[in-house]
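Here is the structure we will look at.
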Amino acid sequence: MADIGLFYGSTSGVTEEIAEKIQAAIGEDRCDLYSMEADFDDVDDLLKYDYLILGCSTWGAGELQNDWREPMFDMEMDKPDFSGKTIALFGPGDCEGHSKHFVGALGLMYDQFKALGATLVGAVSADDYSFEKSTALRDGQFVGLPLDEVNESEKTDQRIANWLETLKADFPAIA
């Protein structure tokens with residue numbers, strides 16, 4: 001088992017592709033990759049890691065991607081203890097077509113995992129993004145890494161590299 005568990009939900013394949021890029025940048029020996037649809041059994045899969053990277057796109061009016069809905073509901077009901085866990089979030093969105101709900105799922109995940117005792121890291125300045133509104137903003141920063149593969153795909157690789165560089169302080173396995 002690697003030091004980092006990277007879990008993602010992906011409907012169209014975009015979040016999966018991003019997750020694979022993140023895993024490749026960290027190293028497969030240091031980061032295990034899990035599809036929430038194919039590989040996730042229950043919350044114990046998450047709890048076995050002290051360091052987690054979680055990927056979720058935003059659907060509808062700022063909602064979670066389908067693969068995350070049931071696990072997040074179950075965690076809301078069961079209240080597992082994520083104390084001692086360090087979590088970083090990422091998610092694709094569309095800053096033009098869904099400007100009023102840009103990466104809103106990250107805000108939902110942030111609030112829930114924080115309430116369950118996790119330490120959340122990896123905030124990203126909103127300065128380099130154009131959007132109308134986002135529930136993933138806290139004090140002018142996104143609670144995780146927003147990526148826009150629809151309008152700004154040329155920025156993805158550099159945004160991932162910059163984000164992983166900031167995570168090094170909190171994720172010892174990222175070299």
Within a strict 4.5 Å, meaning less than it, do heavy atoms of the Asp32 and Met1 side chains meet? yes
Show every ring-ring contact (aromatic ring centres under 6.0 Å, His included) that has at least one partner inside residues 132-155, sequence neighbours left out. Phe102-Phe142, Tyr129-Phe142, Phe131-Phe142
Side chains of Pro92 and Asp148 in contact at under 4.5 Å (non-hydrogen atoms): no
Could you list the residues that satisfy salt bridge (charged side-chain N to carboxylate O under 4.0 Å, His left out) with Asp45, not counting sequence neighbours? none
Side chain to side chain donor-acceptor pair (under 3.5 Å): pairs with one or both residues in residues 133-142, sequence neighbours excluded: Asp111-Arg138
Go through the structure and list residues passing side-chain contact (heavy atoms from CB on, under 4.5 Å) with Glu76, not counting sequence neighbours. Lys79, Gln112
Quick one: list whatever passes side-chain contact (heavy atoms from CB on, under 4.5 Å) with Ala161, sequence neighbours left out. Gln158
Exam field: side chain Trp68 to backbone Met109, donor-acceptor pair closer than 3.5 Å: no
Sole candidate of Leu33, Ile4, Leu167 that passes side-chain contact (heavy atoms from CB on, under 4.5 Å) when paired with Ile26: Ile4
Salt bridge (charged side-chain N to carboxylate O under 4.0 Å, His left out) contacts in which one or both residues fall within residues 3-13, not counting sequence neighbours: none
Set of residues satisfying side-chain contact (heavy atoms from CB on, under 4.5 Å) with respect to Pro172, sequence neighbours excluded: Tyr51
Mind jotting down which residue pairs meet the ring-ring contact (aromatic ring centres under 6.0 Å, His included) criterion with at least one end in residues 69-90? Sequence neighbours excluded, please. Phe82-Phe113
Sequence neighbours excluded, which residues qualify as salt bridge (charged side-chain N to carboxylate O under 4.0 Å, His left out) partners of Glu154? none
Which residues satisfy the side-chain contact (heavy atoms from CB on, under 4.5 Å) test with Asn66, sequence neighbours excluded? Arg69
Heavy atoms of Leu52 and Tyr49 approach each other most closely as CD2-CB, 3.8 Å
Side chains of residues 119-126: which donor-acceptor partners sit under 3.5 Å, not counting sequence neighbours?
| from | atom 1 | to | atom 2 | distance (Å) |
| --- | --- | --- | --- | --- |
| Ser125 | OG | Asp127 | N | 3.1 |
| Ser125 | OG | Asp127 | OD2 | 3.2 |

Atom pairs and distances, side-chain donor-acceptor, residues 12-22, under 3.5 Å, sequence neighbours left out:
| from | atom 1 | to | atom 2 | distance (Å) |
| --- | --- | --- | --- | --- |
| Glu16 | OE2 | Tyr8 | OH | 3.4 |
| Lys21 | NZ | Asp157 | OD1 | 3.0 |

Between Lys155 and Asp128, does a salt bridge (charged side-chain N to carboxylate O under 4.0 Å, His left out) hold up when you go through it step by step? CA-CA 10 Å; Lys155 295 181 179 184; Asp128 190 35; 3.6 Å; yes
Atom OG of Ser57 and atom CD of Glu149: how far apart are they, to the nearest 0.5 Å? 11.5 Å
